[in-house]
Amino acid sequence: MPSLADLIDNNRRWADGVRHRDPGFFDRLSRQQAPRYLWIGCADSRVPANEIVGLMPGELFVHRNVANLVVHSDLNCLSVLQYAVEALRVEHVIVCGHYGCGGVEAAWKRTPLGLIDNWLRHVQDIADRHRGLFTKAMTDAQSADCLCELNVLEQAANVCRTTIVQDAWRRGQPLSIHGWIYRLRNGLIRDLELTVTRDRTLDDAYDGALRRIVNGELPRETPVGTAVVRER
């Protein structure tokens, strides 16, 4: 296990490497932050947002929490969203969950963990809402994977319903909300094909994405480095 001193040494080597490849990178970075994307993802240490989409610091604004939840009373998440949309003028908000999410698995199994159980109750509510999709023929792993996908759809829909996004759409600001999921075993992203660009399209987009999950019609996973947001 690396020590704290090792982490500082790693940082120096990383910074030296960046300066070697692009001598002006840190000067530009310190003057302006202008990302096109906001990433709302899980706090899991195995899901490094910038790395898995091949973006450098300054190109991706990031908010992370356990199980990538967007809760309407969470001022932390809402503050990040508001700053990204209104100050940074991001064009895309990506909600990205991941298979093998410990928070989702704990919610599915109703594993008591203490204080965090209150947070994961939001995921349990999703499982309860869609209980008809979980059959006896499914293993716990399959059920948890399905819940990971459903959780992404619900959280992306929650982003769409915030006053922040609603106001942006009302004033005609270009802003798209997307639902993605990442697989730890192969490092690949799957687009759940939930993309919403204005309020009145949310219900149809959600229903279509949910139908594809139920029918096993999800698109293939996208290799690392080619995970791009499609313009719509």
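Under a hydrophobic clustering in which Ile, Leu, Val, Met, Phe, Trp and Tyr are joined whenever their side-chain heavy atoms come within less than 4.5 Å, directly or via other members, Met56 and Leu60 fall into different clusters. Hydrophobic clustering places Tyr206 together with Trp169 (ILVMFWY residues linked when any side-chain heavy atoms are closer than 4.5 Å, directly or through intermediates).
A distance of 8.5 Å separates OG in Ser3 from CD1 in Ile8, rounded to the nearest 0.5 Å. From Ile213, atom CD1 reaches atom NE2 of His130 across 8.5 Å, with rounding to the nearest 0.5 Å.
Of the possible polar contacts, one joining the Arg64 side chain to the Cys42 backbone as a donor-acceptor pair under 3.5 Å is found.
With a 4.5 Å cut-off on side-chain heavy atoms, Tyr99 and Asn186 do not count as touching.
Salt-bridge check for Asp16 with Arg19: passed, with a basic side-chain N closer than 4.0 Å to an acidic carboxylate O.
A donor and an acceptor atom, one from each side chain of Asn50 and Glu59, are nowhere located under 3.5 Å apart. There is no side-chain donor-acceptor pair under 3.5 Å between Asn151 and Glu154. Asn118 and Arg121 form no side-chain donor-acceptor contact under 3.5 Å, judged by distance and modelled atom types alone.
In this pair, His178 and His92 present their aromatic rings tilted. The plane angle is within the 30 to 60° band.
The side chain to side chain contact (heavy atoms under 4.5 Å, CB included) with Phe61 is formed by just one residue from the set Val93, Ile40, Val80; it is Val80. When each of Asp117, Asp140, Asp128 is tested with Arg110 by the rule salt bridge (Lys or Arg N to Asp or Glu O under 4.0 Å), just one qualifies, namely Asp128.
Sparse packing is recorded around CG of Leu4, with 12 or fewer heavy atoms of other residues, nucleotides or ligands lying under 6.0 Å away.
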